[in-house]
Amino acid sequence: MRSRELPGLVLSLLLLLPLLLPPCPARSAARFDPTWESLDARQLPAWFDQAKFGIFIHWGVFSVPSFGSEWFWWYWQKEKIPKYVEFMKDNYPPSFKYEDFGPLFTAKFFNANQWADIFQASGAKYIVLTSKHHEGFTLWGSEYSWNWNAIDEGPKRDIVKELEVTIRNRTDLRFGLYYSLFEWFHPLFLEDESSSFHKRQFPVSKTLPELYELVNTYQPEILWSDGDGGAPDQYWNSTGFLAWLYNESPVRDTVVTNDRWGAGSICKHGGFYTCSDRYNPGHLLPHKWENCMTIDKLSWGYRRNAGISDYLTIEELVKQLVETVSCGGNLLMNIGPTLDGTISVVFEERLRQMGSWLRVNGEAIYETHTWRSQNDTVTSDVWYTSKPKEKLVYAIFLKWPISGQLFLGQPKAILGATQVKLLGHGQPLNWISLEQNGIMVELPQLTFPQMPCKWGWALALTNVI
Ligand SMILES: *[C@@H]1O[C@H](CO)[C@@H](O)[C@H](O)[C@H]1NC(C)=O
Ligand SMILES: *[C@@H]1O[C@H](CO)[C@@H](O)[C@H](O)[C@H]1NC(C)=O
Ligand SMILES: *[C@@H]1O[C@H](CO)[C@@H](O)[C@H](O)[C@H]1NC(C)=O
């Protein structure tokens with residue numbers, strides 16, 4: 001109904017509206033105090049939820065032995081796990097120290113443009129590179145990591161810079177950095193630790209200066225913190241740093257952070273929640289979250305001793321993405337480049353496969369919202385997303401029914417209004433309402449090569465409730 005004249009009462013209410021509503025503060029004007037209460041109230045910049053899919057990159061000196069795990073140093077020398085001790089005994093001289101791997105980290109074939117092209121082809125909207133893992137080696141020329149950084153040793157190149165410039169110049173992806181707060185064997189950290197973290201030499205002389213340097217120099221739009229070393233956030237001065245990051249830093253308007261800012265902060269404080277590695281709860285969370293997981297099931301860093309069955313298949317990866325996004329999460333999918341700086345063809349294939357799936361089905365992923373149901377109640381492995389403004393619900397199904405009929409228990413169709421299409425196919429499909437509620441969709445009869453993709457499909461349902 002359209003009325004030409006607003007009734008008097010409505011009009012005067014409209015005039016009053018600016019007085020009744022609280023003033024809407026400009027985003028950049030918001031100030032944050034160095035308390036969790038204040039910092040946790042910050043709204044995440046919208047781009048992050050819209051992006052849905054990012055690539056995690058674990059690269060460092062641990063990529064030289066590329067055996068077992070990126071925790072190689074710890075497992076070899078601290079835990080003395082036989083597999084690691086024997087690997088060293090069999091392959092290196094007795095006096096060989098972990099530090100001796102540094103010069104061997106050559107990155108000889110590292111070509112940031114090649115990486116950027118693969119990431120772009122994967123359909124990811126952001127990357128997160130390990131600027132420093134628990135071993136302490138920085139992939140940039142840190143002023144605070146003397147002789148244990150990529151300029152002084154190994155590549156003799158500013159890896160972080162090269163990737164940052166290329167990502168920003170060549171792709172539309174956002175650039176993010178992972179940073180480990182603690183370092184396994186740093187003498188100052190160990191001294192602080194033995195004082196039960198009453199001493200704060202390490203964060204004051206190493207962690208915090210590096211964090212400021214990293215943000216000011218490379219302006220990451222994701223700062224992915226990790227490795228609290230068992231120390232509380234007061235020890236790291238996480239709230240002081242984050243207040244600076246949100247109020248003053250060059251990325252204050254667009255940066256997002258995670259929840260790993262000190263013992264007890266995970267899944268509780270910070271920006272988006274990561275809760276645990278490979279977190280995938282299977283239900284909706286009231287807070288934005290991210291599922292960080294690895295294509296190699298057993299390691300984040302590259303492993304020469306990985307077998308093909310250790311890598312998740314593309315079907316398993318698509319399932320991770322779909323489950324995660326339906327439940328309000330982002331997927332951060334990890335690869336580990338080799339010591340040469342190459343992305344092994346297995347990782348490259350998985351990345352390009354994700355991209356080819358997203359080129360057909362991205363409409364059901366990017367910039368979507370969760371729906372009232374996350375998965376279907378009648379057919380398993382059907383996950384929902386939605387675009388309320390466009391009156392669209394997407395049903396992403398991971399098994400093509402042999403009958404050609406897909407039974408969905410959740411959407412309720414409206415006669416004369418509901419339309420159903422298969423993404424990548426485009427023709428309206430026949431459907432009927434089921435007796436109680438729900439809908440049965442007649443899928444098109446396609447031969448295998450005619451399928452728009454092979455690892456999961458999406459129905460766009462217009463006007464269902
Ligand atoms: C960005 O790309 C353009 C075109 O390829 C090139 O001319 C320019 O030098 C690049 N800028 C940087 C900072 O690499
Ligand atoms: C924590 O960081 C803030 C902001 O940089 C600074 O003002 C404050 O002095 C720091 N506090 C400690 C205890 O390091
Ligand atoms: C929906 O997902 C939840 C969580 O993964 C699972 O427990 C439930 O069985 C699923 N429903 C169906 C019908 O598969």
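Both counts, for ligands and for their atoms, begin at 1 and track the order of listing. Heads up: numbering here begins at 1 and tracks the sequence.
The six-membered or imidazole ring of Phe241 lies away from that of Tyr246, with a centre-to-centre distance of 6.0 Å or more.
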* Asked: After noting the C-alpha distance and the side-chain angles of Glu210 and Lys206, does the key distance pass the salt bridge (charged side-chain N to carboxylate O under 4.0 Å, His left out) rule?
  -> CA-CA 6 Å; Glu210 277 189 344; Lys206 184 80 181 5; 3.0 Å; yes
For Thr138 and Tyr144, what are the C-alpha separation, side-chain angles and deciding distance, and is it a side chain to side chain donor-acceptor pair (under 3.5 Å)?
CA-CA 9 Å; Thr138 61; Tyr144 310 93; over 6 Å; no
*side chain to side chain donor-acceptor pair (under 3.5 Å) between Ser356 and Gln353, intermediate numbers included*: CA-CA 5 Å; Ser356 71; Gln353 286 173 321; over 6 Å; no
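No donor-acceptor distance shorter than 3.5 angstrom exists from the side chain of Asp49 to the backbone of Lys288, with no hydrogens or angles considered.
Close approach to Gly282 involves these atoms of ligand 3, each under 4.0 Å from a residue heavy atom: 4 (C), 5 (O). Those atoms of ligand 3 that come under 4.0 Å of a heavy atom in Ser380, given as number and element, are 14 (O).
Within 4.0 Å of ligand 2, the residues that place a heavy atom are Arg200, Tyr212, Asn237, Gly240, listed by chain and number.
A cation-pi arrangement is absent between Lys387 and Tyr394 under the rule of less than 6.0 angstrom and at most 45 degrees off the ring axis.
The only option from Asn375, Asp376, Thr368 that meets the side chain to side chain donor-acceptor pair (under 3.5 Å) definition with Tyr384 turns out to be Asp376.
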